[in-house]
Each structure stands twice: as structure tokens, then as C-alpha cells.
Amino acid sequence: MLQRSLITAVLMTVTSMSSADTIHVPGDHATIQAALDAADFFGDTVQIAAGTYFEHELDANGKSVQVIGDTNTDGSPAVKIDAQQQGIVVQCVSNEQFTTGFKNLIFTGGDSFGGGAYLFEASPTFTNCRFLENSSTHDGGGVYITGGQPRFVQCVIDGNECLDNGGGVYADSSAVLEFINCTITGNS
């Protein structure tokens, strides 16, 4: 009886892991945060249609989700998330791991600690993202990182500013960073 229960539990886990959903913005949910809130803890994709979305403090809440924007014909991001100087554009503060990813997105208009992205002991992956014209009154105009092992692939961090350290990127000594084919320029 115990063996049958264990086999059933394993099969249910495998089935639930293989049934990841794609949640469309704005088709299924009007906002990116609403789609993130609706996503299952492991494996869902939030697919964002081309356009500009006025949101701030987006939070994956520790979920292993992929947040993917549409691209232009040249492969550049066609989705802009504009925080309109209302706060951080995106934050990962719930121990997100490499299975949490952001792809083909422009983060702009953030105005807070880590204007474009605030990463606290988190290890998400950013691919083909742009951190443009964000600002911070403290450290990390474009991206603020403390702890974790975040990864940036083919990203551009440009035109960001802060009053203290790291106009483009601020990372404390406990963070382990990986930048692959990225451009960090024009920050102050």
C-alpha cells in the first residue's frame, strides 16, 4: 500500500511539472504582475505582447517562471516596462534561482534602490534585456545586487545614474555575477 501511494505521488508530481502553462499579457491578464501572481510556482511562462507597460515593483515572488517579451524583426526587445519613476521596475527578493528568467525586455523609468532591477540574494537569469535610463538615490542606477548569482546574457545597461555607487550596476562583495556578451556603457 505504501509503495502504491509513493508511486502515485511521484506520478502526480511529474504530471504537474510537465503541465506548465503559458499566460499571455494582455490576453489572459491585463498586467504583468497579475500574470506573475497567477503563475504556478514552477514552470509557467508569462508571454508579453509587444508594447509599453506602465508597471513597477514587479515581483516573481520566488516562482520559477519565465517572463518573455515579444521581439522586433531584428531580435531586439519589443516590450518596454516603464516604471515612470514610481519605484524599481523588477525585484527578486524571494530567493529566485536560475530557473527564474526574464527575456527580451526593456526596463526603464525605475527610480529607487536599483532602478531597473533590485536583486537581493537571488539568482535569476536576464537574457536580451535592456536596462535604460533608470536612476537611484543610492546605489545601482540600472541594477542593484546583493548576494546571489545572477546571470546576464546579451544585455545592455545604458544611460542609468545614481547618487552613490554603480551608475550601471552595483554589486556587493557577496554577489557572484556572470555577464556574457553584455554592454555596460554611458552610466553615471
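- Checking side-chain atoms of Asp40 against main-chain N and O of Phe42 turns up no donor-acceptor pair under 3.5 Å.
- By the rule that hydrophobic residues join a cluster once side-chain heavy atoms approach within less than 4.5 Å of another member, Ile145 and Val93 end up as members of separate clusters.
- Listed by first and then second residue, the salt bridge (Lys or Arg N to Asp or Glu O under 4.0 Å) pairs that reach into residues 166-188 are Arg151-Glu178, sequence neighbours excluded.
- Within the model, atoms NZ of Lys103 and SG of Cys129 stand 10.0 Å from one another, a figure rounded to the nearest 0.5 Å.
- Here the side chain of Glu96 pairs a donor or acceptor atom with the backbone of Ser94 at under 3.5 angstrom.
- Note on residues 45-79: no pairs pass ring-ring contact (aromatic ring centres under 6.0 Å, His included), not counting sequence neighbours.
- The side-chain contact (heavy atoms from CB on, under 4.5 Å) search around Thr137 returns Leu163, not counting sequence neighbours.
- Between the side chain of Ser174 and the backbone N or O of Gly147, at least one donor-acceptor pair lies under 3.5 Å.
- Phe179 is linked by a ring pair (Phe, Tyr, Trp, His ring centres under 6.0 Å) to Phe152, counting only residues two or more places apart in sequence or in another chain.
- Val176 forms part of no hydrophobic cluster, judged by ILVMFWY side-chain heavy-atom separations under 4.5 Å.
- The backbone N or O of Gly142 lies less than 3.5 Å from no partner atom in the side chain of Asn134, so there is not a single donor-acceptor pair.
- Side-chain contact check for Asp44 versus Ile23: some heavy-atom pair is nearer than 4.5 Å.
- Applying the side-chain hydrogen bond (donor to acceptor under 3.5 Å, both in side chains) test to residues at least two apart or on different chains, the pairs with a partner in residues 58-69 are Asp59-Gln91, Ser64-Thr99.
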Under 3.5 Å, which donor-acceptor pairs do the side chains of residues 25-32 form with other protein atoms, sequence neighbours left out?
residue: Asp28; atom: OD2; partner: His24; partner atom: N; Å: 2.8
residue: Thr31; atom: OG1; partner: Ala34; partner atom: N; Å: 3.0

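- Contact between Asp82 and Gln84 at its shortest, heavy atoms only, is OD1-N, 2.8 Å.
- Tyr170 meets the ring pair (Phe, Tyr, Trp, His ring centres under 6.0 Å) test with Tyr144; sequence neighbours excluded.
- Residues Ile48 and Asp70 have side chains not in contact (no heavy-atom distance under 4.5 Å, counting atoms from C-beta outward).
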Exercise answer: donor-acceptor pairs, residues 104-119 side-chain atoms, under 3.5 Å, sequence neighbours excluded:
residue: Asn104; atom: OD1; partner: Asn128; partner atom: ND2; Å: 2.8
residue: Asn104; atom: ND2; partner: Gly69; partner atom: O; Å: 3.2
residue: Thr108; atom: OG1; partner: Leu132; partner atom: O; Å: 2.6
residue: Asp111; atom: OD1; partner: Ser135; partner atom: OG; Å: 3.1

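- Here the side chain of Thr45 pairs no donor or acceptor atom with the backbone of Gln47 at under 3.5 angstrom.
- A 4.5 Å side-chain heavy-atom check between Cys182 and Val153 finds every atom pair outside the cut-off.
- Here OG1 of Thr146 is found 6.5 Å from CD of Glu121. Values are rounded to the nearest 0.5 Å.
- Note: the hydrophobic cluster containing Ile81 also contains Phe131 (ILVMFWY, side chain heavy atoms under 4.5 Å, direct or indirect links).
- Between Ala171 and Ala175, the shortest heavy-atom contact is CB-CB, 4.3 Å.
- Listed by chain and number, the residues in a salt bridge (Lys or Arg N to Asp or Glu O under 4.0 Å) with Glu161 amount to none (sequence neighbours excluded).
- Put simply, the side chain of Thr71 does not reach to within 4.5 Å of the side chain of Pro77, judged on heavy atoms.
- Val143 and Leu177 fall within the same hydrophobic cluster, defined by Ile, Leu, Val, Met, Phe, Trp and Tyr side-chain heavy atoms under 4.5 Å apart, directly or through other members.
- The backbone N or O of Gly140 lies less than 3.5 Å from no partner atom in the side chain of Asn160, so there is not a single donor-acceptor pair.
- Taken from CD in Gln149 to CD in Gln97, the straight-line distance is 8.0 Å, to the nearest 0.5 Å.
- For residues 60-97, the set of pairs meeting the ring-ring contact (aromatic ring centres under 6.0 Å, His included) definition, not counting sequence neighbours, is empty.
- With hydrogens and angles ignored, the 3.5 Å screen pairs a side-chain donor or acceptor of Asp74 with a backbone N or O of Ser76.
- Under a hydrophobic clustering in which Ile, Leu, Val, Met, Phe, Trp and Tyr are joined whenever their side-chain heavy atoms come within less than 4.5 Å, directly or via other members, Leu58 and Phe126 fall into the same cluster.
- Counting only heavy atoms from C-beta outward, the side chains of Phe102 and Pro124 approach each other to under 4.5 Å.
- Note on Val89 and Ile184: same hydrophobic cluster, where clusters join Ile, Leu, Val, Met, Phe, Trp and Tyr whose side-chain heavy atoms are under 4.5 Å apart, directly or indirectly.
- Of the possible donor and acceptor atoms, none in the side chain of Asp158 sits under 3.5 Å from a partner among the backbone N and O of Val156.
- Each salt bridge (Lys or Arg N to Asp or Glu O under 4.0 Å) pair with one or both residues in residues 138-149, not counting sequence neighbours, would appear here, but there are none.
- The shortest non-hydrogen separation linking Gln33 to Glu57 is OE1-O, 3.8 Å.
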